[in-house]
Amino acid sequence: MTGFKSFADKIDIGFCDGITAIVGPNGCGKSNVADAIKWVLGEQSYKQLRGTSMQDVIFKGTEKRKQTSYCEVALVFDNRERIFAVEFDEVIISRKLFRDGESEYAVNRQPSRLKDINYLLHDSGIDRDGMTIISQGQVADLVNAKPENRRGIFEEAAGISKFRMRKDEAERKLLRTTAELQRVKDVITEIERNLGPLLRQAENAEKYLILRERLKKLEINLYIYKYDNGAMTKNKLQGEIDGYNGRIEKLKEELREIEDGNTENVERINDLDKKTSEFRDELLKKSVASEKEQGEKLLYLSNKDYLQQVELRREQLLAKRQMAEGFKYPIKRLMQERGEEIMGVVAREISVPKELETAIEVALGSGAQNVITRNEEDAKRLVNYLKSNNIGRATFLPVNSVRERVINFEERKILSGACIGVAADLVKYREEIKNVIMSLLGRVIICKDIDDAVDLARRLNFSLKIVTLDGDIIETKGSITGGSKSYSSNLLMDTEKIEEEIKGIEQEIETCMQKIKDFEAKRIKKIEDGSLESVQMELENINVIRTELNEKMKEEIKRRGDITQEIEELQVKFYYANNILSRVDIEIENLSQRILEEYNLNYSACYNERDKDFVPDGAVSEIAELRNQINRLGHINLDAIEQARIDKERFESYKLQVDDLSAASTDLEKMIEELDTAMRDDFLTAFDKINKNFGEVFKELFGGGRAEIMLTEPENLINSGVEIVAEPPGKRFSNLALLSGGEKALTAIAILFAILKLRAMPFCLLDEIEAALDDANVIRFANYLRKFSYETQFIVITHRKPTMELADTLYGVTMEERGISKIVSVKLEGYKT
């Protein structure tokens with residue numbers, strides 16, 4: 001024993017055979033020995049240990065000694081006669097408690113459960129709550145207790161307390177089994193209620209997986225087919241586009257050659273005009289007769305020079321007009337025939353600074369030829385007009401429905417100082433078409449060169465379209481288009497101003513020609529000298545050559561118009577081929593995106609799953625039908641398949657549990673019934689013997705009288721209480737409460753000895769149970785105790801001398817140090833006479 005209550009130091013107490021008496025003054029701690037034995041045997045009530053909490057059994061310390069952190073008690077049993085049902089000659093039961101509340105039990109120093117220790121004790125006949133440990137208070141309680149409360153002592157004596165414990169445990173198990181059975185049945189009911197809908201969901205999910213797998217196979221193979229055939233189509237279209245580009249370049253080269261020829265012819269005409277001027281000068285020299293004629297000559301020469309300059313300007317304006325009228329054929333027809341129904345063409349509705357013409361034209365692209373209408377109805381009528389006359393296609397921008405596209409605040413902060421400006425802000429236009437221009441140019445940025453453009457695009461994260469002054473483009477997708485400039489029509493030129501300028505120049509030409517004709521007519525009349533005829537013939541030859549050159553120039557101008565028209569037609573074909581190419585790219589890109597989003601597969605992964613026998617005919621319609629079937633299935637719970645499987649397994653598992661629990665319940669009921677039978681038989685047999693022994697012992701202890709024990713409910717042997725009948729010599733039976741304290745104590749002692757006479761216990765601890773007896777009865781008690789000490793080892797805590805005198809071993813408990821109990825042992829065998 002270590003650190004238990006007042007026993008601060010480790011002590012060993014050896015209980016020898018026979019009677020061991022523990023004596024000592026009040027307060028010395030001798031009853032702590034009984035508490036220690038109770039505690040190590042598993043006592044759970046701190047009140048039974050005379051404490052306010054279980055930690056009170058740990059040594060609390062004194063003024064000079066510190067408290068201990070734990071206490072430990074161990075009982076060592078001699079098991080050579082196998083009082084315990086274990087194959088050990090020595091059994092050590094120990095218990096240890098720490099101040100944090102942690103408790104440890106052990107059997108032979110091996111950790112054990114309290115339950116295991118209880119089983120071990122019940123099989124040996126030791127019961128801490130029965131007759132193994134009896135205190136003075138329990139003696140009185142045995143007599144004064146209610147009949148039903150006395151039964152436990154007799155059950156322990158009859159050896160059926162272990163059956164009672166097993167029955168109680170079986171009944172608890174039966175209650176738990178019944179509750180568990182009901183719970184499992186409730187779960188089965190719940191599973192059955194949910195399993196029906198879940199199975200339907202699982203069936204739909206399985207159908208969905210089959211349909212989806214077929215859909216996946218079709219979509220993947222259709223994607224591969226379109227991807228591969230799309231590549232062929234793109235190659236074919238690219239070939240056509242390259243052909244159109246080649247032809248356009250050849251035609252443009254021919255145009256340049258015509259322009260060069262025109263320039264050469266203009267130079268030849270200028271040379272002829274120079275010669276004509278020389279001949280005419282000669283004529284003038286010969287015909288001038290006065291200062292007046294000299295003045296007219298100067299006027300003539302001035303008019304002639306001015307005429308040459310004006311004609312050259314006219315040729316330049318004609319060429320410029322030809323370039324500015326490069327509209328597509330459908331647009332030209334609409335402008336000519338339905339001009340009153342349109343608000344204008346984008347290229348004609350904006351005014352662009354000359355230095356920005358290239359950038360704005362590239363930014364607009366095909367949008368430069370978009371037709372602006374007042375509303376959708378006008379656009380619809382014009383579309384129908386183009387269809388009905390098989391003219392071609394055009395894009396219409398209704399003012400009332402087109403939405404502006406603008407740059408947000410964060411983007412403008414990035415633009416600050418990094419570019420020329422926003423395209424829509426750099427051109428002029430009518431206020432009523434502002435939303436149209438903003439939709440085309442509102443999110444287009446103009447930069448000086450490609451370096452500035454690339455740097456700005458990166459900072460904007462390619463969120464805006466950027467165009468340079470040279471016509472290079474950076475798209476929002478990150479693509480960059482650029483290179484050297486090629487010949488193209490400039491739709492942004494102001495043709496009205498060109499036309500007005502051409503008309504003014506033609507009027508000036510006509511005026512100059514008239515003045516020249518008038519002057520030449522006057523001079524011809526005055527020519528009389530024959531030498532003038534040769535000069536005039538030369539002039540006529542020059543006129544013939546000039547006429548031929550003019551005719552040639554007219555043919556070249558006509559050819560130039562034909563080439564321009566052919567270029568326009570090729571550009572239309574180029575535009576349509578490019579659109580088809582874009583649609584093919586978009587379709588393949590959309591398919592790729594869908595396959596990636598839907599199945600997380602790229603082309604290479606899809607190609608690995610291709611079906612070599614795939615036939616594209618009907619695939620599109622089958623895909624549509626599969627999607628309709630999937631949509632008709634409604635919401636799909638893919639987890640339902642696994643959940644249904646799990647619930648079915650749970651259902652089967654719970655059904656097995658129901659069977660097992662039902663069988664266990666039946667077995668427990670049968671066990672309880674068998675235990676009841678064994679308890680009734682054993683209890684009745686033991687009760688009769690104890691009753692007989694009680695009568696005999698009572699007579700011996702009291703020197704006569706009569707005593708017996710009776711069942712309060714003989715028909716209910718399992719739960720019947722026990723009534724004590726005691727008639728000391730010379731008294732008639734009356735209520736036990738009327739007996740004196742000594743009589744009650746001796747009656748209880750008689751019951752103890754009656755039980756010991758039936759079944760000897762391995763040991764019995766008696767804590768001052770004879771305190772209430774007089775000296776004569778103490779002697780009787782001590783002598784009777786000696787009679788049973790040969791079969792039962794007695795530990796007696798006592799103050800009475802007769803008991804001490806009959807003890808084989810005497811232990812004295814003392815407190816040499818205040819608050820610390822110590823043991824002093826004395827063997828009395830040698831002192832007996």
Side-chain angles (χ1 to χ4, degrees), residues 324 326 343-372 395-399 401-494 571 575 578-579 581-582 585-586 589:
M343 294 181 69
V345 180
V346 171
R348 288 291 171 267
E349 292 298 321
I350 60 176
S351 176
V352 184
K354 187 172 183 61
E355 66 276 9
L356 299 179
E357 285 181 355
T358 299
I360 298 298
E361 182 178 8
V362 169
L364 288 171
S366 60
Q369 300 196 44
N370 289 354
V371 179
I372 303 173
T395 300
F396 298 92
L397 302 174
V399 172
S401 62
V402 174
R403 297 291 177 262
E404 295 184 13
R405 299 174 69 242
V406 297
I407 296 173
N408 60 45
F409 177 74
E410 294 297 329
E411 292 169 335
R412 282 196 178 273
K413 286 200 300 185
I414 297 174
L415 291 179
S416 178
C419 62
I420 294 174
V422 181
D425 299 338
L426 299 175
V427 299
K428 296 180 180 179
Y429 46 85
R430 290 182 290 161
E431 182 64 25
E432 58 185 320
I433 63 168
K434 178 181 178 181
N435 58 327
V436 172
I437 304 305
M438 290 299 292
S439 72
L440 295 172
L441 300 175
R443 287 182 65 80
V444 178
I445 306 303
I446 307 298
C447 281
K448 182 179 178 182
D449 53 38
I450 189 66
D451 293 333
D452 292 346
V454 170
D455 179 64
L456 182 59
R458 286 173 179 164
R459 287 193 285 129
L460 288 168
N461 197 24
F462 295 92
S463 61
L464 299 177
K465 183 177 182 180
I466 303 175
V467 182
T468 68
L469 294 178
D470 291 333
D472 303 319
I473 307 174
I474 299 179
E475 298 286 357
T476 54
K477 293 181 179 179
S479 62
I480 301 176
T481 305
S484 61
K485 297 180 182 178
S486 60
Y487 172 81
S488 63
S489 60
N490 190 343
L491 299 176
L492 301 181
M493 292 182 180
D494 195 338
Q571 286 177 334
Y575 172 77
N578 222 7
N579 277 349
L581 185 63
S582 297
D585 284 335
I586 290 171
E589 184 177 353

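A quick note: this is a predicted structure, and the numbers were derived from the prediction, not measured. Only this structure's heavy atoms are used, side chains among them; waters, hydrogens and symmetry mates stay out.
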On a heavy-atom basis, which atom in Gly471 and which in Val362 lie closest, and how many Å separate them? O-CG1, 3.5 Å
Residue pair Thr358 / Thr468, side-chain heavy-atom distance below 4.5 Å: no
Would you say that Leu415 contacts Leu456 through its side chain, given a criterion of any heavy-atom pair below 4.5 Å between the two side chains? yes
Of all heavy-atom pairs between Ile466 and Cys447, which one has the smallest distance, and what is that distance? CG2-SG, 3.8 Å
Decide yes or no on side-chain contact (heavy atoms from CB on, under 4.5 Å) for Ile350 and Lys428, but give the supporting numbers first. CA-CA 6 Å; Ile350 60 176; Lys428 296 180 180 179; over 6 Å; no
Check the pair Thr395 / Val371 against side-chain contact (heavy atoms from CB on, under 4.5 Å), numbers first and verdict last. CA-CA 6 Å; Thr395 300; Val371 179; over 6 Å; no
Would the distance check show the side chain of Asp449 and the main-chain N or O of Asp451 forming a donor-acceptor pair, the cut-off being under 3.5 Å? yes
Partner of Val406 under side-chain contact (heavy atoms from CB on, under 4.5 Å), picked from Arg412, Met438, Glu411, is Met438
First locate atom CD of Glu349, then atom CD of Glu432, and finally report the distance between them rounded to the nearest 0.5 Å. 8.0 Å
Test side-chain contact (heavy atoms from CB on, under 4.5 Å) on Ile480 and Ile450 and set out the steps. CA-CA 9 Å; Ile480 301 176; Ile450 189 66; 4.1 Å; yes
Judged by atom type as modelled, is there a donor-acceptor pair below 3.5 Å linking the side chain of Asn408 to the main-chain atoms of Glu410? yes
Heavy-atom check, side chain of Ile445 versus side chain of Val467, under 4.5 Å: no
Within the side chain of Arg405, is there an N or O that forms a donor-acceptor pair under 3.5 Å with the backbone of Asn435? no
Rounding to 0.5 Å, atoms CG (Leu426) and OG (Ser351) come to a distance of 12.0 Å
For Lys465, which of Val444, Leu441, Ile474 qualifies under side-chain contact (heavy atoms from CB on, under 4.5 Å)? Val444
Counting C-beta onward and ignoring hydrogens, is there a side-chain heavy-atom pair between Asn370 and Leu364 closer than 4.5 Å? no
Enter the distance from Ile372:CD1 to Leu397:CG here, rounded to the nearest 0.5 Å. 6.5 Å
Test side-chain contact (heavy atoms from CB on, under 4.5 Å) on Arg430 and Met343; report intermediate values, then the result. CA-CA 11 Å; Arg430 290 182 290 161; Met343 294 181 69; 4.1 Å; yes
Going from CG on Asp455 to SG on Cys419, what distance comes out if it is rounded to the nearest 0.5 angstrom? 11.5 Å
To the nearest 0.5 Å, what is the distance between OG1 on Thr476 and CZ on Phe462? 10.0 Å
For the student: nearest non-hydrogen atoms of Ala359 and Ile446, plus distance: CB-CD1, 4.1 Å
